[in-house]
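What you see is a predicted model; the values in this text were computed from it and never measured.
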Amino acid sequence: MAFISSGYNPDKPMENRISDIGPRHFSEYLPPVIKKNFGKWDYHEILEPGVLCHTAESGDKVYTVRCATARLMSITHLREICDIADKYCGGHLRFTTRNNVEFIVDDKQVALDLKTFLNDQKFEGGSFKFPVGGTGAGVTNIVHTQGWVHCHTPATDASGTVKATMDVVFDDFTDMKLPAPVRISMACCLNMCGAVHCSDIAILGIHRKPPLIDHEYLDNLCEIPLAIAACPTGAIRPSKIELDGETYKTVAIKEERCMFCGNCYTMCPSLPLADTEGDGIALMVGGKISNRITKPAFSKVVVPFIPNEPPRWPTMTKVLKKILDTYAEDANKYERLGDWANRIGWERFFEKCELEFSSHLIDDFRDPAYYTWRQTTQFKW
Amino acid sequence: MAKHKTPLLDQLESGPWPSFVSDIKQEAASRAKNEKGLDYQIAVDCPDDLLGVLELSYSDGETHWKHGGIVGIFGYGGGVIGRYCDQPEMFPGVAHFHTMRVAQPMGMWYNTGFLRNLMDIWDLRGSGLTNMHGATGDIILLGTSTPQLEEIYWEMTHGMDVDLGGSGSNLRTPASCMGMSRCEYACYDTQELCYNLTMEYQDELHRPAFPYKFKFKFDGCPNGCVAAIARSDLGFLGTFKGPIKIDQEVVAAYVGGEIAPNAGAHSGRDWGKFDIQSEVVDNCPSKCLSYEDGKLIMDHKECVRCMHCINTMPQALKIGDERGVSIFCGAKAPILDGPQMGSLLIPFMEVNKDDDYQSIKDLIENIWDWWMEEGKNRERIGETMKRLGFAALANAAGVEADPRHVQEPRHNPYIFWKAEEVEGGWERDIADFRKRHQR
Amino acid sequence: MALEPEAAKKVILDFFEAKSKSKSKFYFNDFTKLFPEEKARAVKKILTMLIQEGTLEFWSSGSTTMYGLSGAGKQAASEGED
């Protein structure tokens, strides 16, 4: 491999440097009919799962075909998406906030033909490349984090748990038979760079063992004050240890204070916390973001721990499917998962979903905990 | 032949959902073939090695990545996340495997020319693997070596006129819903406001000087498709003051079954005939609707704009006029003290492009000045608000107290009165007191 | 009062020197404390100058960012990036 210079001169980094230019302006990328009717849309219809029709005040109609991606995608795959957009959509396309791709066309038949075409495209291994769906009262694509693919503090994999989950609930992606939309989200540790705290169902990786301490190397690899400052609960303090007659500067961890967040490992590679038995998944349910009917709400922990079972996490998907099916069966039309659980009562939720309740599910972390305890005679047997 | 055996990952190739394993394998094969004859600037077989290290995690249940402190390119304090593999001898292709965040166009509209140019850079200089998109909204380019970072940035800025996104203690890449480009509910131009503020605050985005991360998100309406109320330190949600516009003839068409309710979102199951009383009127959170003599009547003054009636009958009901934004402050994920929703700071503000959104910018800068002064290191503004009180933020932002700020008034009487609020102030004469009271 | 760049840079570099035994990286807040009379924006301008001269560099945990002397600290060596 010969190094190919872009023109950048490492000796003079500021020479001809362009910076602070931000993103491209979106108006460059709007399809003509979208640009023409910008701000003048009248109404929309979901013609069938994954196919939307938007009608403008001008009478113009645009048809959108929505299909899933795995979020982690190769440039080969993305170029294939571009080929489809060039062929059907004049070179325009859009991504949704939940990792779906939208192809926009101006003819209904073309949209339906495109849906068929997209559903016909398969990877060599057999899975759909572009399954069409993700609209209305169904399960749309999962937003997620990096997991074992690329993160240093995950307690589980993200892409794999998402694939395993969506395989199990695939029918609800391609159909619209639930009482309301169900948003599933996945974050691979409790730092939640995927902010899953307001999802109908959240899959969350959790650690259960405090970090190991690599005493011999710690002072060579880390700045001890930074590791100490990184701990959100103040569980780390400076310390010294004697190993084989040598004294090492290191840290000590108050283990009962550890919340298993991994922030110290970020600052100090000598404090790893990944662990085969310790790590796994918690499930949270009942959050929402929309202001429709009820207020936005946080997700609640309903399963404190499920072991990691790669590659398909069968226990996790079984529990998740049971929750989804019970909700689908029992909830009223328009009722989000959390609104259903609030209506029937959480004690009933655990009963119907056949979930075990344990002390781990009663909040004990600082002030907000109190507001989750019951202060009424109203409860169900 | 695959470089590493991946029997566990191979099991994720079956099933209907798009398989990321199949896709990575496809990229590995494409690079091995190299039909374009590229002189790949990082290891040709890095997708193979990524599968290898992932298979190792699938068998031992532990991650094999280490964090790196590298932040990216010269002069910027964000936009790159440093990653190193902890088994570099086994997987040399991903020994250094940094992520780059690229600023996405608002609403995530693209043309294929832009994407193809970016893919060409990433083909030559990166792993050929991406995320479309990251959780905050950026395009994520997944995995390259340190020497390539500047080269990629140079080609992006010089050849494609696009910049990196944010990471670290800075303004993170702002994100908006698609807004007016294809949604009838958009109460303001989310994309333009998002773009304008992104450009205004490039320095805050690239050169970290905040106590912690800070996110803007822009939702066009209370449906909240980009989660502004839950996921942004300052969330802008479209709203309106005028009455919801009702076309009674079209309401009748919904009642008569001529139009599918909820834009057809429930068509996968037989929910029976549309019942406007139970489905719309009874679900109204402020009970401001009634259906009498074939007419939908709304006491619009009592409406809280939850969007349910509009969402259910989008052809008959339209958002009202006098549109603007409600602004929420302090949302965040649970770390550390628990999750926080954004708290309503500004019930209504006009979104005025003609004065370059000056009132919004004034508000933002007041809030930042306060947080930069008062915020502790690694403290999100939501936590600073909790520590110092909502009133401290409102005061810094120049916002008058309003009953809309609270769900309900306070539960305790521990009001920290200030001397100037009390008649006669706090200066008192003990001698004078003793004239009235013995010791 | 406007900051005089060269004098302000020296204050910052002296601060690094004084702390070099224990820490090589600092939060932005640590520098604003050196100039209590100044607005944060003025201090940031000086830090940006030092970054662009190559004297300082950013260090990030991904979620937070710190300033350090270029090449200083223990982690750079361990990553083979020095």
- chain A heavy atoms under 4.5 Å from B/R31: which part of the residue, side chain, backbone, both or neither? neither
- Item | Salt-bridge criterion met for B/E150 and A/R17 (N-O under 4.0 Å) | yes
- Message: Is A/A297 close to chain B through its backbone or its side chain, or both, or neither, when contacts mean heavy atoms under 4.5 Å?
- Response: backbone
- At a heavy-atom separation under 4.5 Å, does B/S127 approach chain A through its side chain, its backbone, both, or neither? neither
- Who among B/F74, B/Y40, B/W122 has the most heavy-atom pairs with chain A under 4.5 Å? B/F74
- Select one option (side chain, backbone, both, neither) describing which atoms of B/E192 are under 4.5 Å from chain A's heavy atoms. both
- Message: Below 4.5 Å, heavy-atom pairs only: which of B/H133, B/E155, B/M106 has the largest tally toward chain A?
- Response: B/H133
- Message: Under 4.5 Å from any heavy atom of chain A, what part of B/C221 do you find: side chain, backbone, both or neither?
- Response: neither
- Under 4.5 Å from any heavy atom of chain B - which part of A/F365: side chain
- If you tally heavy-atom pairs under 4.5 Å against chain B, which of A/D275, A/L190, A/D279 wins? A/D275
- Output field: ring centroids A/H92/B/W109 closer than 6.0 Å: no
- Note on the structure: Most heavy-atom pairs under 4.5 Å with chain A, out of B/I229, B/D203, B/L12, B/L8, belong to B/L12
- Item | Partner chain A: residue of B/M156, B/K332, B/R305, B/Q104 with the largest heavy-atom pair count (under 4.5 Å) | B/K332
- Note on the structure: With A/M73 as partner, the option from B/T130, B/I24, B/L129 fulfilling side chain to side chain contact (heavy atoms under 4.5 Å, CB included) is B/T130
- Item | B/Q41 side chain vs A/A2 backbone, donor-acceptor pair below 3.5 Å | yes
- Item | Side chain A/Y265, main chain B/K66, donor-acceptor under 3.5 Å | no
- Over 60° means perpendicular and under 30° means parallel, so classify the ring planes of B/H67 and A/H152, tilted if in between. tilted
- Is A/R71 paired with B/D23 through a side-chain N to carboxylate O contact shorter than 4.0 Å? no
